[in-house]
Amino acid sequence: MCGIIGCVSEKDCCGALYDGLKRLEYRGYDSAGIAVLGEKLSVCKKKGGVSALSCFFAQGNTGIGHTRWATHGAPSDTNAHPHRAGKIVLVHNGIAENFSALKAELEGAGECFYSETDTEVIAKLISRAYRGDLLSAVKEGLSRVEGSYAVAVIAEDRPGELVAAKYKSPLVAGKGAAGLFVCSDIPALAGAADFIARAEDKDFIRIGGGRIEFFDENLKPVSRTFFRPQKELFALSVAGGGYFMRSEIAEIPQALGRTLCALGQADFAPCARALRAAKRLFAVACGTAYHSALVFADIAEASLGIPVICHTAGEFRYRPPVIGEGDVLIAVSQSGETADTLEAVRLAAERGAYVIAVTNIGSSSIAALADFCLVMRAGAEVAVAATKSYNCQLLCLYYLAAQCLFFKEEKYPDWFSSLNLLPAAAEEAFSRFSEIDGLADRLKGARAMYFLGRGLDLCTAKEGALKVKEIARVFAEGYPAGELKHGSLALAEEGFPVVCVSTSGRLAKKSENALAEVRSRGGYCALFSQYEEVLSESCADFKCLLPALPEALMPAVSVIPLQYFAYKMCLERGYDPDKPRNLAKSVTVE
Ligand code: M6R
């Protein structure tokens, strides 16, 4: 949802800004821009990805950069950031929700706008407040803005100084040999900053005179702790070469190994009391993380025998508040910055629930708000489509469910010791990829497809469908196999593709019935199971043998061929898997 970066360096900062933007590009890639301030101000902004700026160079040690995911105004050179008003130049991530009213007011006061963005309104407000003191002007300008923001601001007459501020959008400060930085994300500062500090909501940051200073909402100096970031976040996946998504799938076994190692060393004692006493568990998340939360709900409810209520975070936050003291909320988020999940966490905490975060970024906003945090250590995930983080999230959630049982009944679930098998099973799943190439080739022209499953397989089916929609741009629906004949079977006709995941011995026959119903209407059926007899007895046209694991753990590996299937479908259809249309990696706006 837009990436911002700002730098004050002892040398020219244009290259550092460009490199940072390249690493931030997964936050939005419809336009990008850089402003560099030295003896003069130079601004370059263009529609398209960050590489559209590759020919731009300007001398100057102060600068800001932006990669955009459009909210207000179409992607265009004009709407691209930075935005300028008078001496003020600014980049912004977030949404000024009252921008229409502010714009009308400013137009009434004689201001002219050249872009359609909400950001230009913020630039105007700061510019009108600017009388040589940049920090005060940023504070005054932002005091009118409702919504969310992370901004980085420079003034044409103040080279060597940069002011940033945040509210509900992520912002970190970093220092290293390359200079002093502000940035939306930690991984974008790889190679540039050695120490990072997180800004809190309503913080202001001033960089200048070789220092980074933090201020609270009243501009009173406050201290924020600098730490060395998790080193795996600075190492980008290169395992499969080519696209990040392919590399990140290839890295799943190593990522699971890292997660296992981290979980083995984690101290669960701080959450023992809350988990032991919990009468209900809630799990909230968005997108792919929601599908891992669904798996958790199923597993935990089965082993603990207490209700586990799972909601998408966006729905949870607007429901009547049924959560309170004695409840435990588990918030799952790769980035730890997803706006809806963050607000769900705030709500649960306000109502007295104990909050456990499962995230890839230990220094994220969700981690900071939680009472207890499990960091999954999947490593930096750059592709917008979540892959390895899903597998690692599941591993963390299995572990958490097992700890819950241990705290309540002093025993572990029977599948617990098999968690160690996950990396090897993931590796084994890769050997099926050549078969999947054939399936993707067969189905590349499909206009729609169903992904069917029952029980835990339904979660995998939903995740497979999401991946296909997201990157291959084919309508897909993850659906309970048993529900098909209650309406959806009406779409089955000659060649209509249905993918079925069937890893439960108990439910396999039921899923097979659904496939038979599709097949007898001419549909094309693909079946995934770890049971040879389930495959051999099936009427499916395509059959894929999955690695065998205890059934409870199958979601962590049965999804891998589906992730790869979506990737291959995407390539077959001529799209870039790393840059799905209309999407961005980190959804920091509601
Ligand atoms: O960072 P989060 O895990 O909170 O992100 C949640 C979703 O936005 C994310 O999983 C999204 O659904 C993925 N792009 C799907 O591949």
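Here, residue 1 is the first one in the sequence, and each next residue gets the next number. Indexing begins at 1, ligand by ligand and atom by atom, following the structure's order. Predicted model, so just to flag it, every value in this text is computed and none were measured.
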Donor-acceptor list for residues 390-402 side chains, cut-off 3.5 Å, not counting sequence neighbours:
| from | atom 1 | to | atom 2 | distance (Å) |
| --- | --- | --- | --- | --- |
| Asn391 | OD1 | Gln563 | NE2 | 3.3 |
| Asn391 | ND2 | Ala556 | O | 2.9 |
| Gln393 | OE1 | Ser292 | OG | 3.0 |
| Tyr398 | OH | Ala552 | O | 2.6 |

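Geometrically, Arg68 does not engage Tyr29 in a cation-pi contact defined by less than 6.0 Å to the ring centre and at most 45° from the axis.
Defined by atom type and a distance below 3.5 Å, a donor-acceptor pair is missing between the side-chain atoms of Thr117 and Asn79.
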Under a 3.5 Å threshold, I'd like every N/O contact between ligand 1 and protein atoms, with atom names and distance.
| from | atom 1 | to | atom 2 | distance (Å) |
| --- | --- | --- | --- | --- |
| ligand 1 | 1 (O) | Ser335 | N | 2.8 |
| ligand 1 | 1 (O) | Ser335 | OG | 2.7 |
| ligand 1 | 1 (O) | Thr338 | OG1 | 3.4 |
| ligand 1 | 3 (O) | Gln334 | N | 2.7 |
| ligand 1 | 4 (O) | Ser333 | OG | 2.6 |
| ligand 1 | 4 (O) | Thr338 | OG1 | 2.4 |
| ligand 1 | 5 (O) | Thr338 | OG1 | 3.4 |
| ligand 1 | 10 (O) | Thr288 | N | 3.2 |
| ligand 1 | 12 (O) | Thr288 | N | 3.2 |
| ligand 1 | 14 (N) | Val384 | O | 2.9 |
| ligand 1 | 14 (N) | Glu470 | OE2 | 2.7 |
| ligand 1 | 16 (O) | Thr288 | OG1 | 3.3 |
| ligand 1 | 16 (O) | Ala386 | N | 2.9 |
| ligand 1 | 16 (O) | Lys467 | NZ | 3.1 |
| ligand 1 | 16 (O) | Glu470 | OE1 | 2.6 |
| ligand 1 | 16 (O) | Glu470 | OE2 | 3.2 |

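Listed by chain and number, the residues in a ring pair (Phe, Tyr, Trp, His ring centres under 6.0 Å) with His291 amount to none (sequence neighbours excluded).
The side chain to side chain donor-acceptor pair (under 3.5 Å) analysis of residues 349-362, with sequence neighbours excluded, yields the pairs Gln334-Asn360.
Look at Arg581 and Glu470 and you find no salt bridge, because none of the NZ, NE, NH1 or NH2 atoms lies under 4.0 Å from a carboxylate O.
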